[in-house]
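First comes the structure, then the notes that go with it.
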Amino acid sequence: MQIDKIRGHQMDQLFKAMLELKDLDECYEFFDDLCTISELQSLAQRLEVARMLRLKKTYDKIQGETGASTATISRIRRCVDYGPGGYNKVLDRLYPEPTESE
């Protein structure tokens with residue numbers, strides 16, 4: 001994984017801190033302290049692009065709705081299709097497919 005290059009105490013501490021957040025209000029508070037608005041918007045945009053790619057939306061539709069560049073969409077496409085699975089894992093948990101009984 002690409003992130004293995006920066007694996008260490010500080011990254012472990014950051015990810016453990018995120019795992020300690022209890023609800024959306026705590027997330028907003030923590031990330032407001034941690035990131036700029038632009039950084040947060042970029043992260044949120046990437047996750048939305050990944051969600052839309054999984055829904056088989058076209059690049060034009062994604063670009064129009066999120067404002068993401070085609071380069072960003074392509075990079076996220078590679079991660080969704082060939083990456084370590086982070087986007088898919090999170091999106092599967094956020095949007096589980098309905099079962100036949102639902």
Side-chain angles (χ1 to χ4, degrees):
M1 284 191 290
Q2 205 173 5
I3 201 165
D4 285 338
K5 297 174 189 168
I6 59 171
R7 185 180 294 267
H9 166 71
Q10 290 181 359
M11 292 305 295
D12 286 354
Q13 181 177 251
L14 174 63
F15 293 144
K16 286 178 182 175
M18 290 179 194
L19 292 172
E20 290 298 319
L21 298 170
K22 303 282 190 266
D23 56 32
L24 282 176
D25 287 337
E26 286 188 9
C27 289
Y28 275 97
E29 291 167 1
F30 180 67
F31 283 99
D32 190 23
D33 288 345
L34 187 65
C35 301
T36 66
I37 296 299
S38 178
E39 291 168 333
L40 284 172
Q41 288 174 324
S42 178
L43 293 171
Q45 180 190 63
R46 291 177 192 175
L47 185 59
E48 177 63 5
V49 168
R51 186 187 72 80
M52 293 177 78
L53 285 168
R54 285 173 32 125
L55 294 174
K56 310 293 186 203
K57 303 288 185 184
T58 66
Y59 276 35
D60 284 344
K61 179 91 171 165
I62 295 169
Q63 193 173 26
E65 289 189 21
T66 67
S69 69
T70 55
T72 297
I73 297 168
S74 293
R75 183 185 178 283
I76 295 167
R77 163 101 275 157
R78 282 192 304 276
C79 291
V80 168
D81 290 345
Y82 309 110
Y87 279 124
N88 288 320
K89 188 174 294 175
V90 167
L91 290 169
D92 284 347
R93 291 176 184 167
L94 286 173
Y95 306 104
E97 292 193 24
T99 61
E100 289 184 25
S101 62
E102 294 178 325

_Applying side-chain contact (heavy atoms from CB on, under 4.5 Å), can you list everything that pairs with K22, at least two apart in sequence or on another chain?_
E20, E26
*Do R54 and Y87 come close enough that some side-chain heavy atom pair is under 4.5 Å?*
no
*With the side chain counted from C-beta on, respond yes when V80 and I76 share a heavy-atom pair under 4.5 Å apart, and no when they do not.*
yes
_How long is the straight-line distance from CG of L55 back to OH of Y95, given to the nearest 0.5 Å?_
9.0 Å
*CE on M52 to CG on L91, rounded to 0.5 Å*: 12.5 Å
*Rounded to the nearest 0.5 Å, what's the gap from CG on L47 to OG1 on T66? Could you check?*
11.5 Å
_Please identify which of these residues, I73, I62, V49, meets the side chain to side chain contact (heavy atoms under 4.5 Å, CB included) condition with K57._
I62
_Could you check whether any side-chain heavy atom of L34 comes within less than 4.5 Å of a side-chain heavy atom of L14, counting everything from C-beta outward?_
yes
*According to a 4.5 Å side-chain heavy-atom criterion applied to Ile, Leu, Val, Met, Phe, Trp and Tyr, with indirect links allowed, do L24 and F31 form part of one hydrophobic cluster?*
no
*asked:* Any non-hydrogen side-chain atom of L40 less than 4.5 Å from a side-chain atom of D32?
replied: no
_Distance check, rounded to the nearest 0.5 Å: L94 atom CG versus R51 atom CZ?_
10.0 Å
*Check side-chain contact (heavy atoms from CB on, under 4.5 Å) between D81 and all other residues, then give those that pass, not counting sequence neighbours.*
R77
_Distance in Å, Q41 CD paired with E48 CD, rounded so as to fall on 0.5 Å steps_ = 13.5 Å
*Rounded to the nearest 0.5 Å, what separation is found between the CG atom of L53 and the CZ atom of R78?*
11.5 Å
*Look at the side chain of S74 and the backbone N and O of T70, then say whether any donor-acceptor pair between them is shorter than 3.5 Å.*
yes
*If we only count heavy atoms from C-beta on, is the F30 to M18 side-chain gap below 4.5 Å?*
yes
*Give a yes or no on whether a salt bridge exists between R7 and D4, defined as a side-chain N under 4.0 angstrom from a carboxylate O.*
yes
